[in-house]
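A short worksheet on the structure shown next.
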Amino acid sequence: MVGDGHRRAGTPLRAAQDEAGVPPGVWKGRGLAALGLAAGDVVTERQAELLLGEGRHPDADRIERELLAQGKSPAQARRATVLGRPIEHNRSPKTEKAKERTPWLALDLVFRAPSTAHIAWALGGDETRLVLESCQDVARDKTLAWLEESVAQIRWGSGGKHRRPVKDGLIVAVFRHYESRAAESKPLLHDHAVVSIRARRPDGTWGNLSADTMLAHIVAADCLYTLLFMEEVTARLGWAWEPREVTPGRQPVMEIAGVDRRLIGWQSTRRQQIEDALSVLTDKYEERQGHPPGEKAGYALACQAADQTRPPKRTELLSLTELRRRWRESAIQAFGACTVYRLAERARAAAAAVWARVRPVVDVALAAVDVVAVVYVMRGAFKRHHLLAEASRHLSYVLRGRPHEPGLDEQIVQTVVEDYTRPASRWMMTANLRALYPRDTEDQAVLRPLTRNRTAAPYERARLAADALAAQVHAVRRAERLGSRTRPYAVAVPTASRSHSRPFRDGRRDGRLLEPETGVDTVERTRQTLEAAAAEVAATLQDSRRAREAAHGLRTQPTPATAPPPQTQQPGSQPAPGRTTGGVT
């Protein structure tokens with residue numbers, strides 16, 4: 001509640017927040033009406049202590065006084081202020097499980113914008129800072145609204161085995177912080193949304209949220225928040241976004257185009273500390289186990305590295321104005337004044353280049369193929385929220401900040417579920433290879449080796465699978481177009497009617513921006529696939545033409561002697577009935 005500062009004993013909360021340079025927390029969520037609160041009200045210390053610390057009504061003191069004045073006993077007055085089960089139950093000796101003795105009263109969801117957004121917020125002018133903070137507010141509030149409308153469930157029945165939608169909504173206390181926990185203070189605009197575990201059931205009684213349901217959708221919420229933040233920044237500032245590979249073989253992150261990438265290293269000193277410690281832990285793991293760590297082991301090692309390098313909280317209290325002045329001076333001293341003062345200008349110029357190169361068009365069919373290939377290779381069996389997270393990532397890359405149609409991510413997921421999946425268990429599903437390769441049974445196992453290959457990173461294998469399926473879709477469409485057979489496609493187009501969505505590509509693994517051009521190997525494989533399909537269609541058309549000529553007694557005219565010698569057609573080359581577009585470049 002006071003950022004990373006320390007509050008002296010006896011210091012009021014509001015005074016400590018002013019000294020720490022952080023704004024006071026505010027209440028959010030549709031569930032506030034049941035408690036007599038309103039969105040935007042300031043979170044007081046006593047309210048947070050009662051609701052987030054004891055699971056009681058935030059105005060419990062007044063309610064107890066009124067009930068005591070009416071003749072109620074102290075125990076009755078206190079019980080009337082408890083929302084759901086009292087936390088005293090967890091401290092009872094009858095509680096067998098140790099984890100139940102510590103009540104879980106809130107979830108801390110952190111909303112953090114991409115790194116280049118922190119840089120622009122810290123080094124830009126006051127107008128840019130206010131706009132980016134407004135974008136943060138809108139994206140955070142929309143994501144919280146999605147969580148309470150589509151995800152949040154209340155526990156019901158014995159042991160919470162049943163789930164029901166919440167009656168009102170969530171109760172959230174939002175606290176904004178401005179800096180990271182690095183040894184040297186660095187800009188890090190982020191919000192802590194502390195979600196109360198207490199919520200109302202459909203019958204009006206109070207109970208606990210299903211925490212596992214909320215946590216299962218955290219990645220989907222993160223991807224949705226990033227997509228919404230990108231759209232707000234593009235709409236208000238006109239900037240575009242490009243993918244950047246942070247960790248080789250991992251999923252790229254979207255960054256503001258045109259921002260000097262050296263500033264990312266200047267801002268991400270905390271990440272560099274974790275990576276240095278992680279490399280040492282990884283070497284020890286390989287020496288001890290005899291093989292590189294897998295996905296779960298790598299995550300555990302990363303958490304261990306973060307704990308080992310976690311610095312103590314800053315004791316010096318600085319205002320946001322003073323922090324921004326120090327950040328700007330540090331950046332100018334490291335990279336020059338031109339890099340700092342021309343940041344917004346370069347971002348606008350880079351955005352113009354991105355819009356000239358990338359068309360903001362979403363092809364639902366290609367998006368569904370891309371999503372199912374990535375999720376299948378990385379997970380094998382999956383649930384709907386895994387597809388939803390990947391669909392949001394796909395929209396982030398394709399649109400680059402342009403707005404998407406409402407419900408488009410759900411439409412992509414529904415296409416995947418209906419056309420390309422099959423049940424894997426009672427709760428899980430997996431990719432339907434027969435649907436992905438309906439006419440070529442030999443290629444139905446093309447994705448299976450990618451799930452078992454441990455030499456390549458999971459995301460690299462996922463991109464190979466997505467590229468293969470996308471090339472197949474393009475080849476089928478090209479063959480149909482050459483055969484003069486039209487086929488409607490479900491394409492959601494904000495500004496155009498054709499799809500040029502391009503998947504992520506691997507570049508040099510030095511943290512540079514990934515360009516949308518296709519690699520040489522991928523181009524060669526795609527060219528061979530397309531040429532083989534075109535040659536097959538051309539041979540079919542030629543046989544059909546000869547059959548018609550034979551049936552009508554037509555004879556092919558000889559070539560005049562003065563005519564130039566015919567061009568020799570190379571195997572696999574396609575005829576040129578007219579200029580066509582499409583395919584993969």
- Determine, step by step, whether M428 and R379 satisfy the side-chain contact (heavy atoms from CB on, under 4.5 Å) criterion, reporting the C-alpha distance in whole Å, the side-chain angles of both residues, the deciding distance to 0.1 Å, and the verdict. CA-CA 11 Å; M428 308 290 285; R379 303 192 65 89; 5.8 Å; no
- For V413 and A391, which heavy atoms make the closest approach, and how far apart are they? CG2-CB, 4.0 Å
- Any donor and acceptor pair, going by atom type alone, linking the side chain of T430 with main-chain N or O of A381 inside 3.5 Å? no
- Task: For residues N432 and T421, determine if any side-chain heavy atom of one lies less than 4.5 Å from a side-chain heavy atom of the other.
- Result: no
- Starting at CG of L107, measure out to CG of L215 and round the result to the nearest 0.5 Å. 6.0 Å
- Hey, what do you get for CD (Q414) to CG (D419), rounding to the nearest 0.5 Å? 9.0 Å
- Please determine, by modelled atom types, if Q153 and S210 share a side-chain donor-acceptor pair under 3.5 angstrom. no
- Item | D137 and R176: CA distance, side-chain angles, deciding distance, salt bridge (Lys or Arg N to Asp or Glu O under 4.0 Å) verdict | CA-CA 10 Å; D137 293 337; R176 172 157 293 176; 2.6 Å; yes
- Message: For a quick test of reading the model, state the closest non-hydrogen atom pair linking A373 to A465 and the distance between them.
- Response: CB-C, 4.0 Å
- Query: Which heavy-atom pair separates R400 from W241 by the least distance, and what is that distance?
  - Reply: CD-O, 3.1 Å
- On a heavy-atom basis, the closest approach of L52 and S196 is CD2-CB, 4.1 Å
- Item | Check: R326 main-chain N/O paired with S330 side-chain donor or acceptor under 3.5 Å | no
- Which one of H177, Q136, K28 satisfies the side chain to side chain donor-acceptor pair (under 3.5 Å) criterion with D191? Q136
- Task: Enter the distance from M378:CE to Y459:OH here, rounded to the nearest 0.5 Å.
- Result: 8.0 Å
- Message: If we ignore hydrogens and angles and just use 3.5 Å, is the side chain of T234 paired with the main-chain N or O of W239 as donor and acceptor?
- Response: yes
- What heavy-atom pair brings I171 and R198 nearest, and what distance separates the two atoms? CD1-O, 4.1 Å
- Quick one: does W146's side chain have a donor or acceptor within less than 3.5 Å of a partner on E148's backbone? no
Show me the donor-acceptor pairs, under 3.5 Å and distance only, between side chains in residues 277-284 and residues at least two apart or in other chains.
unit_1 : atom_1 : unit_2 : atom_2 : d
S279   : OG     : D276   : O      : 2.7
T282   : OG1    : L278   : O      : 2.7

- Query: Is it true that D370 and R393 make a salt bridge, defined as a side-chain N closer than 4.0 Å to a carboxylate O?
  - Reply: no
- Indicate yes or no for a side-chain donor-acceptor contact from Y225 to the backbone of A113 under 3.5 Å, with no hydrogens or angles considered. yes
- Item | Which atom of L147 lies closest to which atom of A221, heavy atoms considered | CD2-CB, 4.0 Å
- Measuring from L388:CG to F382:CZ, what's the distance to the nearest 0.5 Å? 13.0 Å
- Residue F335 excluded, over 12 heavy atoms near CZ under 6.0 Å: yes
- Message: Looking at E410 and R384, is any side-chain nitrogen of the basic one under 4.0 Å from a carboxylate oxygen of the acidic one?
- Response: yes
- Task: Identify which one of L209, I154, D212 satisfies the side chain to side chain contact (heavy atoms under 4.5 Å, CB included) criterion when paired with R163.
- Result: D212
- Item | Note, L228 side chain near V138 side chain (heavy atom, < 4.5 Å) | no
- Message: Within the 4.5 Å heavy-atom criterion, are I264 and R244 side-chain neighbours or not?
- Response: yes
- Message: Between H404 and L395 (side chain of the first, backbone of the second, donor and acceptor by atom type, cut-off under 3.5 Å), is there such a pair?
- Response: no
